[in-house]
Enquirer: 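The structure's right below; bear with me while I get my questions together.
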Amino acid sequence: MFEIFSTVSADNARNISPVTLAFLGDAVYSLYVRERLVLTTNFGTGNLQKLASQKVSAHGQSELLEKLLPTFSEEEAEIYRRGRNAKKRN
């Protein structure tokens, strides 16, 4: 089993595959988007799903990233570039 509230050292995090980090990042971002939608709208689940899908899509994430990229530190930008350039293995 695993610990729910465990932490990862910076060195260990640097050794995690960029594709794996993207997998985790997608989950975190999806949860954030869903939480914001639930707290700021009164829509039914069908509409919530449609809106969440638009934001969490590759296109939606790309739009957000263009706004965030100028605020990244050099280390954060390097991590982003590693993930963007990573090739996904099946």
Side-chain angles (χ1 to χ4, degrees):
M1 196 63 178
F2 57 90
E3 293 182 42
I4 293 177
F5 297 108
S6 63
T7 59
V8 176
S9 72
D11 286 336
N12 285 344
R14 284 186 196 93
N15 292 324
I16 296 173
S17 156
V19 175
T20 301
L21 291 174
F23 169 78
L24 181 60
D26 287 348
V28 171
Y29 183 58
S30 178
L31 180 59
Y32 172 78
V33 166
R34 289 167 183 259
E35 179 183 28
R36 297 306 311 155
L37 287 171
V38 167
L39 295 176
T40 60
T41 70
N42 193 24
F43 298 144
T45 56
N47 286 333
L48 289 170
Q49 177 61 31
K50 183 184 246 184
L51 290 169
S53 294
Q54 291 171 353
K55 293 289 186 186
V56 178
S57 70
H59 180 73
Q61 289 184 39
S62 177
E63 286 181 350
L64 175 64
L65 195 57
E66 289 302 315
K67 294 175 186 173
L68 293 177
L69 200 53
T71 68
F72 284 9
S73 69
E74 186 53 41
E75 182 179 18
E76 291 166 334
E78 177 58 30
I79 292 167
Y80 162 70
R81 286 189 292 273
R82 275 181 49 216
R84 181 189 61 197
N85 295 331
K87 301 297 180 221
K88 191 166 108 176
R89 293 178 291 209
N90 291 330

Enquirer: Closest heavy-atom contact between Asn15 and Asp11?
Expert: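 That closest heavy-atom pairing would be ND2-O, 3.2 Å.
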Enquirer: With sequence neighbours left out, write down each residue that passes salt bridge (Lys or Arg N to Asp or Glu O under 4.0 Å) with Arg34, or none if nothing qualifies.
Expert: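 For Arg34 there are no salt bridge (Lys or Arg N to Asp or Glu O under 4.0 Å) partners, ignoring immediate neighbours.
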Enquirer: Is it the case that one hydrophobic cluster holds both Tyr29 and Leu51, taking links as side-chain heavy atoms less than 4.5 Å apart, direct or via other members?
Expert: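 Yes, same cluster.
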Enquirer: Considering only heavy atoms from C-beta outward, does the side chain of Glu76 approach that of Thr71 to under 4.5 Å?
Expert: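 No; the side chains remain at least 4.5 Å from each other.
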Enquirer: Shortest non-hydrogen contact from Arg82 to Ile16?
Expert: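 Scanning both residues completely, I find the closest heavy atoms to be NH2-O, 3.2 Å.
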Enquirer: Around Tyr32, counting heavy atoms of other residues, nucleotides and ligands shown, do more than 12 lie under 6.0 Å from its OH?
Expert: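 No, OH of Tyr32 has 12 or fewer neighbouring heavy atoms, counting only those of other groups under 6.0 Å.
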Enquirer: With sequence neighbours left out, write down each residue that passes side chain to side chain contact (heavy atoms under 4.5 Å, CB included) with Ala22, or none if nothing qualifies.
Expert: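 Side chain to side chain contact (heavy atoms under 4.5 Å, CB included) list for Ala22, sorted by chain: empty.
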Enquirer: Same hydrophobic cluster for Phe43 and Val38, using side-chain heavy-atom links shorter than 4.5 Å among ILVMFWY?
Expert: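 In one cluster: yes.
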Enquirer: Holding to side chain to side chain contact (heavy atoms under 4.5 Å, CB included), I want the full list of residues that pass it with Ser53, two or more places apart in sequence or in another chain.
Expert: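 Checked Ser53 against side chain to side chain contact (heavy atoms under 4.5 Å, CB included); matches are Gln49.
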Enquirer: If the test is side chain to side chain contact (heavy atoms under 4.5 Å, CB included), which one of Leu21, Leu68, Leu69 qualifies with Tyr80?
Expert: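 Option passing the side chain to side chain contact (heavy atoms under 4.5 Å, CB included) with Tyr80: Leu69.
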Enquirer: Listed by chain and number, what are the side chain to side chain contact (heavy atoms under 4.5 Å, CB included) partners of Asn12, not counting sequence neighbours?
Expert: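 Checked Asn12 against side chain to side chain contact (heavy atoms under 4.5 Å, CB included); matches are Val8, Ser9.
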Enquirer: As an exercise, state the distance from CG of Asn42 to CG of Asn47, rounded to the nearest 0.5 Å.
Expert: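 Reported value, rounded in 0.5 Å steps: 11.0 Å.
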Enquirer: Return the set of residues passing salt bridge (Lys or Arg N to Asp or Glu O under 4.0 Å) with Arg81 (not counting sequence neighbours), or none when no residue passes.
Expert: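 Glu74, Glu78.
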Enquirer: Transitively linked via ILVMFWY side-chain contacts under 4.5 Å: Val56 with Leu65?
Expert: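 Cluster IDs for Val56 and Leu65 match.
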Enquirer: Could you list the residues that satisfy salt bridge (Lys or Arg N to Asp or Glu O under 4.0 Å) with Glu75, not counting sequence neighbours?
Expert: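 If we apply the salt bridge (Lys or Arg N to Asp or Glu O under 4.0 Å) test to Glu75, skipping adjacent residues, the hits are Arg14.
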Enquirer: Using 0.5 Å steps for rounding, measure from the CD atom of Gln61 to the OG atom of Ser30.
Expert: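 So the gap between those two atoms works out to 9.0 Å.
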